[in-house]
Amino acid sequence: MLRKPECIWKGFRRAYELEIEEIHTAQGNNAFFLEQSQQIPIIIGVTGHRDLREQDLPELKCKIRQIFEGLNKEYPNTPLVVLSPLAEGADRLVADTAIEMGMDLVVVLPMERFLYEVDFSVESKREFAGYVTKSKHVFELPLLKGNTKENISIQGERRNLQYAYGGAFVAQHCQILIALWDGEHSDLQGGTAQTVRFKLEGIPEQFDPVKTVLNQVESGPVYQIISPRVSNPSPNGKPFEVVERLPKYLTNDHQLEEDIKQIFHFFEKFNSEIKQQKRQLVKFIQKRQSLLIPVDQLNKLSESPKRIMSRFLIVDALSLRFSQRSNRSALSLFLLPFIAILISQVITSGKFAYWLFFIYVAIFLIAKVSHKIAKRREYENKHQYFRALAEGLRIQFYWKLAGIEMAASDFYLRKQRNELEGIWVALRNWSLIDGTYPVEREQSTQVLSNKSLEWVKEYWIVKQKDWFSRKANKERKRRERFESLSAVFSFVALLLFFFIAFESFFNIRKLIWDHYVLFLIGVVPVISAFLDAFAEKKAFALQSKRYEWMETLFAQAQNEIDYWLDTSPERVSQIIFELGKEALIENGEWVLLHREKPFKVQGML
């Protein structure tokens with residue numbers, strides 16, 4: 001008996017309500033994983049004069065707000081976070097504007113708070129305390145070599161050098177620097193002009209202990225608001241005009257778009273994907289919560305590794321989703337042109353040419369459109385970038401679990417600019433807004449219990465070793481399968497050619513199936529070529545060798561940890577640290593390898 005339409009509608013509605021109820025339950029159970037803080041922020045640094053004129057503050061505040069609103073309009077899904085030392089004057093004016101607009105504030109102090117406040121009056125200390133209370137996190141930078149609490153507690157060269165360190169930290173860790181500056185150049189240590197120069201030219205080595213000569217210079221744009229000041233009421237330029245200053249290696253807006261703004265576009269893509277795929281992510285997280293550590297151990301984690309883990313699960317989910325789409329797109333790019341070639345061979349034989357011609361055109365157009373859609377939606381790029389980001393978070397999680405206070409961002413793709421730079425910048429930005437960024441930036445290990453180290457060994461090293469082993473075997477078998485198939489089709493093509501040559505040489509009467517043989521002679525080599533091309537694009541041979549190498553490396557680390565675990569936890573932490581660096585290098589090379597092999601069928605698309 002047929003059901004009434006209203007019954008069918010009620011059934012569909014009830015099923016939908018149950019699904020929504022399931023999603024809300026999942027969201028409740030995974031609320032931690034879905035916070036807004038999982039988005040990648042743009043960090044905006046601040047520098048400027050302390051002696052701004054009182055009458056200029058409303059106009060300056062208006063210009064600051066315009067900069068923030070412009071960025072919000074261009075990157076609507078990406079939160080803005082202000083990084084500020086909260087000195088008097090410009091720093092606090094920008095911080096006040098940011099708080100009014102609902103932005104997060106992260107404070108970086110060039111020294112311990114009680115030493116920093118020596119410069120402030122009683123009223124200024126009260127104002128400073130109010131901003132600190134409203135901030136998300138506060139960092140206190142360590143003392144530079146040669147500085148002591150005693151020699152920086154008084155005004156002088158050593159204290160100014162510590163201020164310069166604060167300016168260097170802000171310049172290095174922000175993507176945009178807002179400078180309320182009169183435009184006058186100065187060599188004063190810790191001054192506004194010096195911080196602007198740090199952002200445009202990079203910071204000196206004394207302020208960056210992990211910097212190497214081959215690392216890219218960390219520079220970026222400065223949004224200068226030309227600001228009169230009490231000591232200089234006539235600035236260099238039109239007062240209150242916003243001037244965008246670019247690093248020396250950038251000479252035009254196009255280069256700025258290519259070398260810096262691609263980072264922001266990467267952030268925007270990631271953040272928009274989180275919003276668009278929230279429901280799917282909730283279900284995915286439920287199924288894979290034990291990917292890094294068993295669920296029953298989750299409550300034993302502190303807040304910091306738990307937050308890293310939540311980000312990993314989100315990024316890992318996005319990576320897998322785009323991996324599936326990228327693979328389907330790649331397969332279609334090979335199969336559709338191949339089918340079109342088969343049809344073209346039939347058309348040239350004169351059989352069914354009329355309607356097959358239209359099928360050929362249709363398949364050609366489908367392949368073309370499929371390629372354009374995949375390229376526009378960046379399936380392959382998103383898979384690679386999100387995979388790289390996930391691996392960086394994986395290493396950061398296990399380092400944190402092992403008590404290693406180092407930032408994965410300091411060792412990951414640091415020699416790359418453009419959108420790849422966005423991967424390690426994202427890792428660093430997250431740790432800044434979490435308050436977990438290691439400001440010491442020198443290898444530091446907190447000796448933990450053997451249990452934590454055993455977790456790292458069991459859930460990371462052993463599992464990764466087994467994963468690399470499976471992947472190496474899988475890639476090797478794929479390579480062998482494609483090579484065998486290609487060889488078979490090549491051999492068949494050769495046999496067919498000799499068959500036709502044999503007929504021609506001995507003047508044998510042409511057989512009824514000869515035109516089919518000729519057809520196959522045209523098609524079979526194409527199949528062999530497509531198989532070779534697909535295997536080459538997927539880099540099966542190279543991948544299997546890389547996986548075998550990483551399997552060996554993880555197996556060696558496992559053996560070393562087993563040997564030292566009971567006698568030297570410090571040695572175990574060092575092994576985990578070195579293994580993490582190797583894993584970051586390997587994954588970075590994986591990203592670069594696949595960027596050099598984008599899927600594209602030459603001659604057709």
How would you list, by chain and number, every residue that makes a side-chain hydrogen bond (donor to acceptor under 3.5 Å, both in side chains) with [X], sequence neighbours excluded?
X: Asn559; result: none
X: Asp316; result: Arg288, Arg387
X: Arg546; result: Glu589
X: Lys471; result: none

What is the minimum heavy-atom distance between [X] and [Y], and which atoms define it?
X: Ile308; Y: Leu393; result: CG2-O, 3.4 Å
X: Ala164; Y: Phe207; result: CB-CZ, 3.9 Å
X: Ala402; Y: Ser573; result: O-OG, 3.6 Å
X: Leu427; Y: Ser409; result: CB-CB, 4.0 Å
X: Val81; Y: Pro41; result: CG2-CB, 3.7 Å
X: Asn429; Y: Ile42; result: ND2-CA, 4.5 Å

Item to check | Test log, rule side-chain contact (heavy atoms from CB on, under 4.5 Å), inputs Leu292 and Tyr459 | outcome: CA-CA 6 Å; Leu292 294 183; Tyr459 302 133; over 6 Å; no

Quick check: do [X] and [Y] have side-chain heavy atoms less than 4.5 Å from each other?
X: Leu318; Y: Lys382; value: no
X: Val170; Y: Leu177; value: yes
X: Leu301; Y: Phe397; value: yes
X: Leu291; Y: Phe312; value: yes
X: Gln172; Y: Arg428; value: yes
X: Thr78; Y: Phe264; value: no
X: Pro221; Y: Ile176; value: yes
X: Lys275; Y: Gln39; value: yes

[atom1]-[atom2] distance between [X] and [Y], expressed to the nearest 0.5 angstrom:
X: Ile423; Y: Phe386; atom1: CD1; atom2: CZ; value: 10.0 Å
X: Ile314; Y: Gln277; atom1: CD1; atom2: CD; value: 11.5 Å
X: Lys306; Y: Asn299; atom1: NZ; atom2: CG; value: 5.5 Å
X: Ile40; Y: Asn77; atom1: CD1; atom2: CG; value: 12.0 Å

Checklist entry - Under 4.0 Å between a Lys/Arg side-chain N and an Asp/Glu carboxylate O for Lys545 and Glu548? => result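 Glu548 and Lys545: not salt-bridged.
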
Checklist entry - Below 4.0 angstrom, N of the basic side chain to O of the carboxylate: do Arg478 and Glu475 qualify? => result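 Looking at Glu475 together with Arg478, the answer is yes, because their closest N to O distance falls below 4.0 Å.
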
Short question: side chain of [X], backbone of [Y] - any donor-acceptor pair under 3.5 Å?
X: Gln396; Y: Met406; value: yes
X: Lys199; Y: Ala171; value: yes
X: Ser310; Y: Arg307; value: yes
X: Ser490; Y: Ser486; value: yes
X: Gln175; Y: Ile43; value: yes
X: Ser319; Y: Val315; value: no
X: Tyr547; Y: Arg476; value: no
X: Trp590; Y: Ile585; value: no

Next on the checklist: With no hydrogens and no angle check, just 3.5 Å: does a side-chain donor-acceptor pair link His137 and Tyr437?
Outcome noted: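 Looking only at side-chain atoms, Tyr437 and His137 do not form any donor-acceptor pair under 3.5 Å.
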
Checklist entry - Under 3.5 Å, is there a donor-acceptor pair between the Tyr75 and Asn271 side chains? => result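 No.
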
Next on the checklist: Set out, in order, the CA-CA distance, both residues' side-chain angles and the distance that settles side-chain contact (heavy atoms from CB on, under 4.5 Å) for Met550 and Leu553, then state yes or no.
Outcome noted: CA-CA 5 Å; Met550 292 304 294; Leu553 193 65; 4.1 Å; yes

Next on the checklist: Arg321: which residues meet the salt bridge (charged side-chain N to carboxylate O under 4.0 Å, His left out) condition with it, sequence neighbours left out?
Outcome noted: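 Salt bridge (charged side-chain N to carboxylate O under 4.0 Å, His left out) check on Arg321 returns nothing, list empty.
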
Checklist entry - Residues two or more places apart in sequence or in another chain: which of them pass side chain to side chain contact (heavy atoms under 4.5 Å, CB included) with Glu560? => result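 Scan of Glu560 (side chain to side chain contact (heavy atoms under 4.5 Å, CB included), adjacent residues dropped) gives Trp564, Arg571, Ile575.
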
Checklist entry - In this structure, are over 12 heavy atoms from other groups packed under 6.0 Å from Trp549 atom CH2? => result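 It does not: Trp549 CH2 has 12 such atoms or fewer within range.
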
Next on the checklist: Quick check on Lys477: does its NZ atom have over 12 non-hydrogen neighbours (other residues, nucleotides or ligands) under 6.0 Å away?
Outcome noted: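 Open: at most 12 neighbouring heavy atoms sit under 6.0 Å from NZ of Lys477.
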
Next on the checklist: For a side-chain hydrogen bond (donor to acceptor under 3.5 Å, both in side chains) check, start with the C-alpha distance between Gln574 and Glu578, then their side-chain angles and the critical distance, and finish with the verdict.
Outcome noted: CA-CA 6 Å; Gln574 180 66 31; Glu578 294 298 330; 3.0 Å; yes

Checklist entry - Which of these passes side chain to side chain contact (heavy atoms under 4.5 Å, CB included) with Tyr165: Pro110, Pro204, Pro142? => result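 Single side chain to side chain contact (heavy atoms under 4.5 Å, CB included) partner of Tyr165 among Pro110, Pro204, Pro142: Pro142.
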
Item to check | Lys136 and its side chain to side chain contact (heavy atoms under 4.5 Å, CB included) partner, picked from Leu105, Val107, Val82, Asp104 | outcome: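 So, applying the side chain to side chain contact (heavy atoms under 4.5 Å, CB included) to Lys136 and each of Leu105, Val107, Val82, Asp104, only Asp104 qualifies.
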
Taking the inter-plane angle between the rings of [X] and [Y] on a 0 to 90° scale, is it parallel (under 30°), tilted (30 to 60°) or perpendicular (over 60°)?
X: Phe169; Y: His173; value: parallel
X: Phe577; Y: Trp399; value: tilted
X: Tyr385; Y: Phe266; value: perpendicular

Item to check | Residue pair Phe554, Trp460: steps toward the side-chain contact (heavy atoms from CB on, under 4.5 Å) verdict | outcome: CA-CA 9 Å; Phe554 273 78; Trp460 177 40; 3.8 Å; yes

Item to check | side-chain contact (heavy atoms from CB on, under 4.5 Å) evaluation trace for Glu303 with Asp434 | outcome: CA-CA 10 Å; Glu303 191 78 3; Asp434 288 346; over 6 Å; no

